[in-house]
Amino acid sequence: MLKLTTYTGADQIHGVAQCHSLGPSKPNPTFPRRKDGISLVPCTSAPSKTPVLAVVSDRGAGSVRSETGPGRVEHSVSLADRLRQGSLAEDGKSYKECFIVRCYEVGINKTATVETIANLLQEVGCNHAQVVGFSTDGFATTTTMRKMHLIWVTARMHIEIYKYPAWSDVVEIETWCQGEGRIGTRRDWIMKDYATGQVIGRATSKWVMMNQDTRRLQKVSDDVREEHLVFAPRELRLAFPEPNNSSLRKIAKLEDPAPYSRLGLVPRRADLDMNQHVNNVAYIGWVLESMPQEIIDGYELQTITLDYRRECQQDDIVDSLTNVEPLEDGPAISGLEGTNGSPAAAEDTKDYRQFLHLLRLSGDGSEINRGRTVWREKPAR
């Protein structure tokens, strides 16, 4: 049971809970101070006279929403707002949040699984929407969307992971959204190792609107566009600004018969989300089910791209098919430094493998999802 008492000053939260807050205090040995002076500190301060409603930022004035002070976002403040390790950027156009990798989020390599990372991306995106005042009843639904029974659904997801965080590592994820044509929107992410500031992953996605009652796609109206793009960067900002980067590549349909398959996969009840269909992260697990075991043993997933063709319901039965796809011009990623965390050209002697994937309905063979993965040789331990 979480028990909250009075909150301290502008940069710490005091409570009987396993929590930390962002602030300029003395750095904790477990969470080294970053170059920009931010550190994570334990909840040990004495109470102050001014009750703090939510920590928004630890940089300068106006960083805390209180009963008397000005706040950058006007909406009711929840307990989650008080404890969440997130804040809007100074211009309010992006959002950052820190996460500790939990023991149940790591896999056989003792590092976070790709599903864990995908879930964190989804979480920080939803938290961004909540911080700017969007609904908690759906995934970032606006007032107009709720009136019209509209929801956001994933059309495409592209994730690149340059270094997997381990159990108890702290990752910082920044996210922002922008328009993407008349029928959708896009959301990008940059993931960093909080202790070093090193970019360890990037992602981009496209989302479209669906009518929750008819389950048909619908164009983004001007009202909805104005509601959510007011919080978007004024100039185009891309997690993958490089020309001809791998996030732009089309995915060819894998033709049957495939050499690797896992047939008869059944959605669990836990795979369903608040949009009444299988959540987009569950598809990642299904894709990996048909990977050859020698790749799982000797390689780690570096890049995954998924095109979502149709939604999947609880009663559907799914086949997962995989085939080898030749690499185009050598490894997809080489190095970890460059503009916006982009990989710079560097000598790379790792062995890379690339695969095509298809998820289909077992009954009539209807295409659910097509994907591409790139795997790199596991580092020596």
Side-chain angles (χ1 to χ4, degrees), residues 56 71-78 80-81 84 86-89 91-97 118-119 121-158 173-189 203-240 247-248 272-281 283 306-313 369:
V56 177
R72 283 178 295 193
V73 181
E74 295 182 4
H75 66 96
S76 59
V77 178
S78 68
D81 288 325
R84 188 177 286 134
S87 64
L88 288 171
D91 62 1
K93 304 302 183 183
S94 69
Y95 174 81
K96 291 182 181 180
E97 187 168 352
N119 276 317
L121 299 180
Q122 184 169 248
E123 175 71 7
V124 73
C126 290
N127 291 348
H128 180 202
Q130 288 190 33
V131 164
V132 300
F134 290 168
S135 172
T136 59
D137 296 331
F139 293 113
T141 53
T142 69
T143 301
T144 300
M145 290 178 67
R146 292 194 299 278
K147 290 179 180 178
M148 299 176 66
H149 294 193
L150 299 174
I151 57 176
W152 292 114
V153 293
T154 316
R156 184 177 175 91
M157 178 69 72
H158 177 85
I173 304 176
E174 180 182 13
T175 187
W176 63 95
C177 62
Q178 292 175 303
E180 182 72 21
R182 293 296 301 172
I183 199 173
T185 186
R186 68 177 295 140
R187 179 171 287 279
D188 287 25
W189 297 266
T204 186
S205 61
K206 294 181 182 179
W207 301 73
V208 294
M209 282 203 317
M210 173 186 284
N211 185 291
Q212 195 165 15
D213 301 324
T214 66
R215 315 307 289 186
R216 293 182 179 275
L217 299 184
Q218 188 162 324
K219 289 184 179 180
V220 180
S221 67
D222 291 337
D223 289 341
V224 172
R225 191 178 303 278
E226 290 174 3
E227 281 178 321
H228 81 274
L229 290 186
V230 68
F231 302 106
R234 297 184 183 275
E235 297 182 0
L236 183 64
R237 182 187 175 193
L238 303 174
F240 298 93
S247 74
L248 303 175
L272 303 180
D273 62 25
M274 64 183 84
N275 285 341
Q276 289 82 51
H277 60 197
V278 174
N279 186 264
N280 67 86
V281 177
Y283 293 72
L306 297 177
D307 282 341
Y308 296 82
R309 301 286 169 149
R310 58 170 294 163
E311 61 179 347
C312 191
Q313 305 293 343
N369 188 293

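Just so it is clear, the structure is predicted and the values come from calculations on it, not from any experiment. These numbers come from the heavy atoms of this one structure, side chains and all, not from hydrogens, waters or symmetry mates.
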Measure the shortest side-chain to side-chain distance between Gln218 and Met210 over non-hydrogen atoms and say whether it is less than 4.5 angstrom. no
With heavy-atom distances below 4.5 Å as the criterion, would you say the side chains of Leu88 and Val132 are in contact? yes
Side-chain heavy-atom pair Lys219, Met209 within 4.5 angstrom cut-off: no
Tell me the closest heavy-atom pair linking Val281 and Ala118, and the distance in Å. CG2-CB, 4.0 Å
Do you see a donor-acceptor pair shorter than 3.5 Å between the side chains of Glu227 and Thr144? yes
Scanning both residues in full, the closest heavy-atom pair of Pro233 with Cys177 reads CD-O, 3.4 Å
Heavy-atom pair of closest approach, residues Tyr95 and Gly86: OH-CA, 3.4 Å
Quick check: do Trp207 and Glu180 have side-chain heavy atoms less than 4.5 Å from each other? no
State whether the number of non-hydrogen atoms from other residues, nucleotides or ligands found under 6.0 Å of Lys93 atom NZ is greater than 12. yes
Would you say Gln276 and Gln212 are linked by a side-chain donor-acceptor pair, where the criterion is simply a distance under 3.5 Å? yes
Aromatic ring proximity His128/Phe231, centre distance under 6.0 Å: no
Pairwise side-chain contact, Gln122 with Asn280, heavy-atom cut-off 4.5 Å (strictly under): yes
Just verifying a value: how many Å separate Met274 CE and Cys126 SG, rounded to the nearest 0.5 Å? 6.5 Å
Write down the atom of Trp176, the atom of Leu238, and the distance for their closest heavy-atom approach. CZ2-C, 4.0 Å
Can you name the nearest heavy-atom pair linking Ser247 to Thr204, along with the distance? CB-CG2, 3.9 Å
Within a strict 4.5 Å, meaning less than it, do heavy atoms of the Lys206 and Thr185 side chains meet? no
Could you give the distance from CG (Asn279) to SG (Cys312), rounded to the nearest 0.5 Å? 11.5 Å
So do the side chains of Arg156 and Leu306 get within less than 4.5 Å of each other, counting heavy atoms only? no
Between Val224 and Trp152, the two heavy atoms sitting closest are CG1-CZ2, 4.3 Å
No-hydrogen, no-angle side-chain donor-acceptor test under 3.5 Å, Ser94 and Glu174: yes
Are a donor atom and an acceptor atom from the side chains of Arg187 and Thr175 found within less than 3.5 Å of each other? yes
For Glu235, does its backbone N or O pair with a side-chain atom of Gln178 as donor and acceptor, under 3.5 Å? yes
Check this for me, if you would: do Arg84 and Glu123 make a salt bridge, where the nitrogen-to-carboxylate-oxygen distance has to be below 4.0 angstrom? no
One should read off an interatomic distance between Asn211 CG and Met145 CE, to the nearest 0.5 angstrom, of 10.5 Å
Do Phe134 and His228 have side chains that approach each other closer than 4.5 Å (heavy atoms only, starting at C-beta)? yes
Residues which pass ring-ring contact (aromatic ring centres under 6.0 Å, His included) with Tyr283, listed by chain and number, not counting sequence neighbours: Trp286, Tyr308
Is the shortest distance from a Lys or Arg side-chain nitrogen in Asp188 or Arg186 to a carboxylate oxygen in the other one below 4.0 Å? yes
